[in-house]
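In the text below, chain A, chain B and the rest are named by the order of the sequence lines, each starting its count at 1. The structure displayed is predicted, hence computed values, not measured ones.
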There are 2 protein chains.
Amino acid sequence: MSSHIEENYLKAIYKQTERNKDGAYTNDIANELNVKAATVTEAFKKLGDKGLIFYEKYKAVTLTDQGRAVAVKTIRKHRLWEVFLVEKLGFKWDEIHPMAEELEHVNFEELTERLAKFLGNPEFDPHGDPIPDKNGKFAQNKSVKLTAINIGKTVAMTGIENHTPSFLQHLDKLGLKLGAEITIKDVVEFDQSILVSVNNKKEFYLSQEIANNILCK
Amino acid sequence: MSSHIEENYLKAIYKQTERNKDGAYTNDIANELNVKAATVTEAFKKLGDKGLIFYEKYKAVTLTDQGRAVAVKTIRKHRLWEVFLVEKLGFKWDEIHPMAEELEHVNFEELTERLAKFLGNPEFDPHGDPIPDKNGKFAQNKSVKLTAINIGKTVAMTGIENHTPSFLQHLDKLGLKLGAEITIKDVVEFDQSILVSVNNKKEFYLSQEIANNILCK
DNA sequence: TAATAATTTTAGGTTAAGCTAAATATTTAA
DNA sequence: TTAAATATTTAGCTTAACCTAAAATTATTA
Ligand SMILES: [Mn+2]
Ligand SMILES: [Mn+2]
Ligand SMILES: [Mn+2]
Ligand SMILES: [Mn+2]
């Protein structure tokens, strides 16, 4: 299994396990990576043989320490390149994911570490996601969903839980970027949408669906 | 044929054709890419079918316009990343080739063009090799080999014809980097080695072998 | 120019990573 | 608690990119 492909499987398993700590099911990964379930079963067998995941037929898989290390390193590379693309090359946050998806597979430890230093050892990527350090440690960010904030409170936007370009572009249009000060003005009982003001300026309604995908603290 | 592999073949054919305008022979490419001759024959057939090279059995192959465009774009990406690695990340010129060899295959036109701009649209890479512009045009650099310079003349070092780490490291040790002012003090009749001074300071002998791999103007 | 050497191609095989269709196992719901 | 639905695995195929060994072609040299 080429390292490129291996890294994509391990990263997908890592992310799925973050959502559901049982682990990752065949279908989860098939959907994430746009391959068929049968293909994933084969991949699971090989990753199991290599000691990168725990695999038992019909059970959700989880990462071994070794597998997790590969996944976390890949995430580190991905997020560092995303910072590079935004901070140095001026891309917008909705444009960078596909490029980082390729750059993350260039494997030279010295390159990664020098890139990190060049960027000032950032702790968060342009989407507010934490960048693990070279030992695999993530900065703790105890953010909560915007839907959990009470009326009257003001919070700072720290991240998002949906990375699709359409969601990101919509946030841009609303002036909602990382660091924005959001005040909860009201909650509509009928549909749970919320009335917010941003940086004490613009005021508008956000659907529950949107508010659920915004993290803050 | 994955684009990654295709680009490596086309780049190798391009470079070989620069050396020998007949084109590239099966064995040339097999040696360059560390694969067997039979593998190259197969690749030639596929590249021929795709309209990227002109292939006739037992003849040297040459690039079509389309194939040349891919090769030149790959060279552009390679050399831009080399500039990045040296100028921004502080790598030395003997360390960068393997990393650029991977980075060159990340294919997003906008990324390449923004990288170029970020680097100040450089015309030469850290080895003095010209970087084609986005239309595939190379800056003309009419450099000549150091062995072609007469006694008494002073020239500026502009490039090299050998990119091995050991050669590059040796040049470093001698203080010979791009831009260095080299004065030809003497030519030894016995072995054609030359006595040079660098930046009017150090003076030493260079074997013909070495002098042949140094370009200047 | 004929024999030898070198190069290239062909034939046949392997491995990785994907696929579809069918078989099997697990989960859900009547 | 069985039947139906869903999920996973197995079996068998395909394609790309490599390989070795043998055959064919081209180039060199005696
Ligand atoms: Mn990826
Ligand atoms: Mn991100
Ligand atoms: Mn390459
Ligand atoms: Mn170079």
Which of the following nucleotides, C:dG18, D:dT26, C:dA25, is nearest to the side chain of B:Tyr58? D:dT26
Atom NZ of B:Lys45 and atom P of C:dT9 are separated, to the nearest Å, by 8 Å
What is the distance, rounded to the nearest whole Å, between atom NZ of A:Lys59 and atom P of D:dA7? 19 Å
Quick one, which residues of residues 98-107 of chain B touch DNA chain D with a heavy atom under 4.0 Å? none
Scan A:Tyr9 against the nucleic acid and name what it touches under 4.0 Å (heavy atoms): base, sugar-phosphate only, or nothing. sugar-phosphate
So A:His78 and A:His97, would you call those rings parallel, tilted or perpendicular, with 30° and 60° as cut-offs? tilted
Gap between atoms CG and P, on B:Asn27 and C:dT9 respectively (whole Å): 10 Å
Would you say the side chains of A:Lys77 and A:Asn107 form a donor-acceptor pair under 3.5 Å? yes
Could you tell me whether B:Lys46 sits above the aromatic face of B:Tyr9, with NZ or CZ closer than 6.0 angstrom to the six-membered ring centre and within 45 degrees of the axis? no
Regarding A:Lys88 and the six-membered ring of A:Phe118, is the cationic atom NZ or CZ under 6.0 Å from the ring centre and inside 45° of its axis? yes
Are B:His105 and B:Asn8 linked by a side-chain donor-acceptor pair shorter than 3.5 Å? yes
Just the rounded figure in Å: distance from P of D:dT6 to CG of A:Asn31. 15 Å
With respect to the phosphate group of D:dT9, does any side-chain polar atom (N or O) of A:Tyr55 fall under 4.0 Å of OP1 or OP2? yes
Minimum-distance nucleotide (side-chain atoms of A:Thr39 versus C:dC19, C:dT10, D:dC19): C:dC19
Interatomic distance, B:Lys36 NZ vs D:dT20 P [rounded to whole Å]: 5 Å
Quick note, B:Ala38 side chain, CB onward, closest among C:dT8, C:dT10, C:dG18 is C:dT10
Measure the distance from OH on B:Tyr25 to C1' on D:dA27 and round it to the nearest whole Å. 11 Å
Parallel, tilted or perpendicular: ring planes of B:Trp81 versus A:Trp81, cut at 30 and 60 degrees: perpendicular
Validation row, ring centre A:Phe108 to ring centre B:Phe91 under 6.0 Å: no
Nearest whole Å is fine: how far is D:dA7 P from A:Glu56 CD? 21 Å
Within this structure, what is the CD1-to-P distance between A:Ile29 and C:dG18, rounded to whole angstrom? 13 Å
Between B:Thr26 and A:Lys57, the residue closer to the 5' end of DNA chain C by nearest nucleotide is B:Thr26
For B:Ala37 and for A:Ala43, find the nucleotide of DNA chain C with the closest heavy atom, then tell me which residue's nucleotide is more 5'. B:Ala37
